[in-house]
Amino acid sequence: MGSSSRALVSLLLVSSALSGGGMRRVIKTRAFGDLAGHKEELDMENFMYYKQVEAPAGYNLNSSRLLISTVSYCPSSQCMPCVRVAIKFNCTVPVKIEGMQIHFFIYESNRNDEIQIRRKSHTQPLSAAEFVFECFEADGGSRVEVTVKTIPDYGPRLTAQYNVEDNDNGPKLSYSVVREEKQIIVTVSPGRAVIAMLCYKRGLVCRELNKYSVQLINTTSTLSYDYMLPCLCIQVFYPGHDSYRVTECPFTDTPEAYGPDLWRSSNFSDLSQHKNNMAVRYLGKCLIKPQAILCWKSNGSCVEFEKSATKFLKSGYVFESVDKHSQMCFKFKYKNSSHIECRNKPDTDWNVTMEAESNKLVLTFASHFPASFSAVACKPVRDECKNTSLVYCITQTEVSAQKLQMILPVESPEFCVRVWRSDVALSGKQLLCPQYSRQWIRVVLLGMLVVLVIVGLVIYVLWQLATKVASAPLWSRTVLLMYSPDSEDHKALICAFADVLKTELDCNVILDLWDSGKVAEIGIVSWLYSKRELVESEEGKIIIIWSRKSQEMYKEWIMLEPVSQLNHDDLHDLFNTSMSCVYSDILRNRRIKDYCIIYFNGLCSKEHIPESFAKIPKFQMLKDFSRLVCELQSLIDLPWRLRLGTKYIVHKILKSEKMQRLKRKIEQSRKFLGAGNGQGYSD
């Protein structure tokens, strides 16, 4: 690079085919060099052949690079593979080049194409440049060759061969979004390892969030994101060069993705330089072009200037003839959301103060720059202030420490005044009103009214809360059930127990048998982990229903390798997946308080429960049903009167129809177990 400043010249050109093959032309060219900061235009001229000429001293292409990749071009509902060619020209000495000539050849079809990209003004030598040709159409899986030479032809060329990605051979992807945790659970078909990552899609390119958003997975992984944006996408692909990337963008049609996160993730740069112009540049994670207008911020609101709307330009949004006061803000609008961005630069502010005297208002202006100001007296009538005088004007011709004064005659001291800067087209108006004792009385009365309204709202809310508490059981809680699938009768017993928790105890019961559609959609692993996080967030309980079959399955599971135990990936085995969750929490000594174990009298005993679960509370059903209710609501430390009331209500539940049905199911299972081995179990 030369010692002069680097200049960026870019232009996007779309033209018709220049030669056989009918390939689409999408060209994006950047040039860096000793251009002294001015812009140059690039274009495609009529195709011409150039004879090879002698290269300047020191010229070589050893540090230049030819980059080829596959992108998807979607002119309509169907997409097609395109080959993207990027030439990063770099030379140790500045040389004069008029452009680049690219030759594209497809082996399978024997098709070839050639384009020339030329700079309209090429008097200045370049030491570095980047030329990007966005789209050569080619079939997936085909083999192509790209050759590049300079214009004029200095001799050395860049050549590379490339296999176009096949869009039909990517991995299969499914996902679920946990918005509360800002996480996306990604699931792929088991088999080959897959790279999964989150990225922001900008045109044909999807840029990854950061290095922590890329993971190598076998079946399921959880990826975290900072902002929910319409261009936030999931990409999965097999490791290796030129692997096709499957892309899914879950929030493209989500209205919330166009809300606060869209603006929080954006960058706003103040470009205002002229004393009466305001300019701002918007840079976001997504390629969107929001509308920008000006608004005057006052009393918590921002009044828009309807005629100030402007379009997005390459350099930003520019507004001319504007009062650059700190209350003048930019308001950005896109789809269903908006955002206000204020400059907060007091050096461009002007101030005005008012004093009320007998039959006149005295305004004192202070400004850091020459300006003209106008004022008009008005009389408050309800929520409006109606003008009652002519417009008075005053001008400060030069920067001075001396302040300007304006006198407005009024009929009485109970008048207000509107003040604004009048030497620009867009200026906000400030309303100044003198303070009187009568206004203080109004303020006091208004404050008393506000207090009464607040007290009434508090009483109403407390009444609603008391009604809700009185009508709902005290032990209402979120409960996740884990079990071993012993038999169909055992599943019926579990459903009966879950029905008691739901109908009699008003618990939010989470059971895979009741949510089979979601389990089939995302798999048992994703379903169980997401529900476990829900239980933690709502301070619920995880109930493990233990049986003799559970003991047998646990012995088989415990014989597995430790890595297999904690990384169980069977998408349909609830018990082994549950053991992986529980065992992981026990090893880390975390979340043990969330668990409890129950077993049914005559079907299992405490001796069948492994010693590794010693820290988890255990309850025999239905003998310890009252203790289980207290555990669900953590009533151990409550006053004895409340515990006594709870026991009375539990006694009524034990006589309910749902509980009688559960008892019959327990008795049927006990008889079936006794018929199978000749004995039952009890504590």
Side-chain angles (χ1 to χ4, degrees), residues 26 67-84 86 134-144 162-179 182-254 257 285-287 518-527 529-530 569 571:
V26 181
L67 305 176
I68 308 174
S69 59
T70 303
V71 296
S72 293
Y73 177 66
C74 305
S76 59
S77 59
Q78 294 184 345
C79 298
M80 62 186 69
C82 267
V83 177
R84 183 177 185 266
E134 294 286 359
C135 187
F136 279 112
E137 293 180 12
D139 295 331
S142 60
R143 185 178 172 216
V144 300
Y162 176 74
N163 292 325
V164 183
E165 296 177 7
D166 190 347
N167 295 1
D168 298 327
N169 294 330
K172 304 301 180 182
L173 162 68
S174 63
Y175 64 89
S176 61
V177 180
V178 186
R179 294 191 182 181
K182 289 193 172 183
Q183 294 178 342
I184 300 178
I185 301 174
V186 181
T187 303
V188 296
S189 302
R192 294 177 57 186
V194 173
I195 296 177
M197 75 173 189
L198 298 180
C199 57
Y200 294 124
K201 191 172 184 180
R202 299 173 62 88
L204 300 177
V205 180
C206 203
R207 299 180 179 177
E208 64 186 62
L209 274 64
N210 50 59
K211 62 181 180 180
Y212 302 107
S213 68
V214 182
Q215 297 184 14
L216 183 64
I217 66 175
N218 288 323
T219 53
T220 302
S221 180
T222 301
L223 302 177
S224 301
Y225 60 89
D226 295 323
Y227 306 104
M228 184 172 67
L229 301 177
C231 63
L232 178 65
C233 301
I234 312 164
Q235 273 196 351
V236 294
F237 52 95
Y238 296 118
H241 185 62
D242 295 339
S243 176
Y244 175 68
R245 302 190 176 197
V246 177
T247 305
E248 292 285 348
C249 304
F251 304 123
T252 301
D253 299 322
T254 304
K285 305 291 186 184
C286 303
L287 284 178
K518 193 66 176 179
V519 173
E521 179 182 353
I522 66 174
I524 193 65
V525 177
S526 301
W527 180 86
Y529 275 81
S530 62
D569 58 359
L571 300 181

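Please read all numbers here as calculations on a predicted model, not as lab measurements.
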Name all residues meeting the side-chain contact (heavy atoms from CB on, under 4.5 Å) criterion together with [X]; count only those two or more places apart in sequence or in a different chain, and write none if there are none.
X    : result
E248 : L173, Y175
K518 : D515, E521, I522, W527
A193 : L216, N218

Interatomic spacing from [atom1] in [X] to [atom2] in [Y] - rounded to 0.5 Å:
X    : Y    : atom1 : atom2 : value
R84  : E134 : CZ    : CD    : 4.5 Å
L223 : L209 : CG    : CG    : 9.5 Å
I234 : R245 : CD1   : CZ    : 14.5 Å
L229 : K201 : CG    : NZ    : 15.0 Å

- [ ] Please step through side chain to side chain contact (heavy atoms under 4.5 Å, CB included) for the pair I184 and V178, ending with a clear verdict.
- [x] CA-CA 6 Å; I184 300 178; V178 186; over 6 Å; no

[X] side chain near [Y] side chain, heavy-atom distance below 4.5 Å:
X    : Y    : result
I217 : V188 : yes
T220 : I185 : yes
T219 : V525 : no
F251 : V177 : yes
M228 : K182 : no
D139 : P81  : no
M197 : V186 : no

Task: Backbone of A138 reached by a side-chain donor or acceptor of S142 within 3.5 Å - done: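 Between the backbone of A138 and the side chain of S142 there is no qualifying donor-acceptor contact (under 3.5 Å).
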
Would you please name every residue forming a side-chain hydrogen bond (donor to acceptor under 3.5 Å, both in side chains) with [X], sequence neighbours left out?
X    : value
T247 : Q235
R143 : Q161
S221 : Q215

Open item on the list: If you apply the rule ring-ring contact (aromatic ring centres under 6.0 Å, His included), what do you find for Y225 with Y200, and how did you get there?
Closed with: CA-CA 11 Å; Y225 60 89; Y200 294 124; 9.6 Å; no

Open item on the list: Within the supplied structure, the quantity of interest is the number of heavy atoms (other residues, nucleotides, ligands) at a distance under 6.0 Å from R202 CZ; does it exceed 12?
Closed with: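 Above 12, so yes.
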
Open item on the list: For the residue pair Y162 / T70, report whether a side-chain donor-acceptor contact shorter than 3.5 Å exists.
Closed with: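 Looking only at side-chain atoms, Y162 and T70 do form a donor-acceptor pair, the distance falling under 3.5 Å.
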
Open item on the list: As a quick check of understanding, evaluate side chain to side chain contact (heavy atoms under 4.5 Å, CB included) for L232 and Y227, giving each step before the final call.
Closed with: CA-CA 8 Å; L232 178 65; Y227 306 104; over 6 Å; no

Open item on the list: I'd like to know if C231 pairs up with C249 as a disulfide, counting it only when the SG to SG distance is below 2.5 Å.
Closed with: no

Task: Sub-2.5 Å SG contact, C233 and C199 - done: no

Task: Heavy-atom closest contact (V246 atom, P171 atom, distance) - done: CG2-O, 3.3 Å

Task: Closest heavy-atom pair and its distance - T187, S526 - done: OG1-OG, 3.3 Å

